[in-house]
Amino acid sequence: MGATLKSVDKGHEITLDDFNLIGRSPDASIRLVDGGVSRQHATIRRDGSLFWVSDLGSANGSFVNDVAVTTARALRHGDRVQFGTSAFLFDSQEEERQPSESGNVSTQSLHTIALPVKTVKATLLVGDLRNFTTLSAQLSAEEVAAMLREWYADCEKIIKTRDGIIDKFIGDGVFAYWPGDEIISRVMATEAAKLLTGPEAGDSPKRKWLREQMNLEVHCHVGLNVGEVALGAMGRGNNTAVADPVEVYSLIDFPTDSIPAA
């Protein structure tokens with residue numbers, strides 16, 4: 001079970017992998033020969049049964065159903081996705097067959113559990129790769145994709161093993177939270193921030209190769225915040241966290257010798 005992008009104009013289909021780097025570069029996993037497409041334009045990443053599209057700061061933007069992609073967005077079957085002048089229809093096969101009244105399967109519908117919206121206190125973490133646009137301009141699309149795959153995997157390992165919930169990856173960034181503002185949530189978030197920004201993060205294979213072979217340093221900076229957020233389904237089954245603490249934050253180099261107090 002998977003998903004495809006079907007060209008609106010040309011009719012050809014592109015099968016999506018778990019991670020797809022879209023751009024004009026010859027070694028992009030989905031190469032678009034389109035003057036309106038940047039070398040590294042956007043990514044589409046699979047997370048469970050969903051595919052998330054993120055713009056990588058492209059010159060002309062990415063759009064879903066004619067709405068600009070400003071943060072990671074989950075794609076739904078039938079969505080119209082556009083990069084430059086290249087438009088596609090997203091075809092998802094991650095569907096659950098629903099039985100008809102007679103017991104025979106006659107229709108298909110995407111099955112997504114929408115959590116009820118509720119306001120809770122949470123400890124928030126936002127991180128991104130410093131100077132990603134400048135850095136990616138010096139790399140091939142294949143190298144950018146390898147770097148992002150590695151960083152996503154590091155984020156998942158570090159955050160999830162400390163009971164954090166990754167809400168979404170946003171191109172070169174990650175947004176995660178811990179329900180509650182108790183000291184244990186703050187300690188876990190602080191530990192995650194230290195590991196994401198500490199010197200050991202540079203020992204990951206791809207980043208080590210970039211440092212040793214190309215003299216390029218890949219650093220993450222992180223912002224932490226605590227406050228009330230609305231958790232739940234924010235349209236078409238997208239479960240996420242929304243509130244001022246999410247929108248208003250400062251990405252800083254995290255002080256590794258401090259732990260937020262309760």
Side-chain angles (χ1 to χ4, degrees), residues 19 21-23 25 27-28 38-45 52-59 61-62 69-72 123-162 164 166-178 186 188-226 241 245-260:
F19 180 87
L21 180 62
I22 300 155
S25 175
D27 52 0
S38 301
R39 288 181 65 250
Q40 288 97 33
H41 194 101
T43 62
I44 295 180
R45 179 181 183 274
W52 295 78
V53 60
S54 299
D55 187 82
L56 293 178
S58 64
S62 305
V69 176
T70 58
T71 184
T123 303
L124 313 173
L125 180 151
V126 179
D128 76 351
L129 298 177
R130 184 188 301 169
N131 299 324
F132 175 78
T133 302
T134 301
L135 182 68
S136 63
Q138 302 177 62
L139 303 175
S140 69
E142 185 178 30
E143 290 166 340
V144 171
M147 178 179 66
L148 287 175
R149 282 194 201 98
E150 182 183 80
W151 189 64
Y152 288 166
D154 287 348
C155 289
E156 289 185 341
K157 179 180 178 181
I158 289 170
I159 293 171
K160 290 183 178 180
T161 56
R162 284 160 183 81
I166 294 179
D167 187 89
K168 61 177 68 72
F169 287 101
I170 314 165
D172 64 322
V174 62
F175 168 47
Y177 63 91
W178 285 255
R186 300 184 184 208
M188 290 295 187
T190 301
E191 288 182 359
K194 288 180 179 179
L195 291 172
L196 288 172
T197 60
E200 61 274 13
D203 292 333
S204 296
K206 189 59 183 181
R207 275 168 282 181
K208 185 176 181 180
W209 182 88
L210 290 172
R211 182 174 66 250
E212 295 178 350
Q213 301 298 321
M214 301 187 67
N215 197 31
L216 295 176
E217 293 285 350
V218 181
H219 295 294
C220 172
H221 50 181
V222 170
L224 294 178
N225 205 345
V226 175
V246 179
E247 302 297 334
V248 182
Y249 59 82
S250 175
L251 288 173
I252 58 172
D253 290 320
F254 193 80
T256 57
D257 58 349
S258 66
I259 294 179

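When a residue number appears, it is its place in the shown sequence, counting from 1.
- Residues K160 and I166 come closest through the heavy atom pair CE-CD1, 4.2 Å.
- Under the side chain to side chain donor-acceptor pair (under 3.5 Å) criterion, D55 pairs with S58, S62, not counting sequence neighbours.
- Put simply, the residue from I158, D154, I159 that forms a side chain to side chain contact (heavy atoms under 4.5 Å, CB included) with L195 is I158.
- K206 is listed as a side-chain neighbour of E143, based on a closest heavy-atom distance under 4.5 Å.
- Considering all non-hydrogen atoms of both residues, V126 and F175 come closest at CG2-CD1, 3.9 Å.
- When side chains are defined from C-beta on, L135 does not count as touching L129, because their heavy atoms never get closer than 4.5 Å.
- In terms of heavy atoms, S136 sits closest to V144 at CB-CG2, 3.8 Å.
- E150 is linked by a side chain to side chain donor-acceptor pair (under 3.5 Å) to R207, counting only residues two or more places apart in sequence or in another chain.
- Between F169 and Y152, the ring planes are tilted. Angles from 30° to 60° get that label.
- To the nearest 0.5 Å, atoms CD1 (I44) and CD1 (I22) are separated by 3.5 Å.
- Nearest heavy-atom pair, T123 versus A189, reported as atom, atom and distance to 0.1 Å: CG2-CB, 3.7 Å.
- In E142, the CD atom is not crowded: 12 or fewer heavy atoms of neighbouring residues, nucleotides or ligands sit closer than 6.0 Å.
- Looking at S38, its side chain does come within 3.5 Å of a backbone N or O of A59 through a donor-acceptor pair.
- Within the 4.5 Å cutoff, the side chain of L56 has no heavy atoms near those of the H41 side chain.
- Checked by atom type and distance alone, the side chain of N225 never pairs as donor or acceptor with a backbone atom of L124 at under 3.5 Å.
- Looking at L216 and L139, their side chains come closer than 4.5 Å, going by heavy atoms from C-beta outward.
- Atom CE of residue M188 and atom CH2 of residue W178 lie 9.5 Å apart, to the nearest 0.5 angstrom.
- Across all their heavy atoms, Q40 and S25 have their closest contact at NE2-CB, 4.4 Å.
- Rounding to the nearest 0.5 Å gives a distance of 11.0 Å between CG of D128 and CG of L196.
- Minimum heavy-atom separation, L148 to F19: CB-CZ, 3.8 Å.
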Set out, in order, the CA-CA distance, both residues' side-chain angles and the distance that settles side-chain contact (heavy atoms from CB on, under 4.5 Å) for M147 and F132, then state yes or no.
CA-CA 11 Å; M147 178 179 66; F132 175 78; 3.6 Å; yes
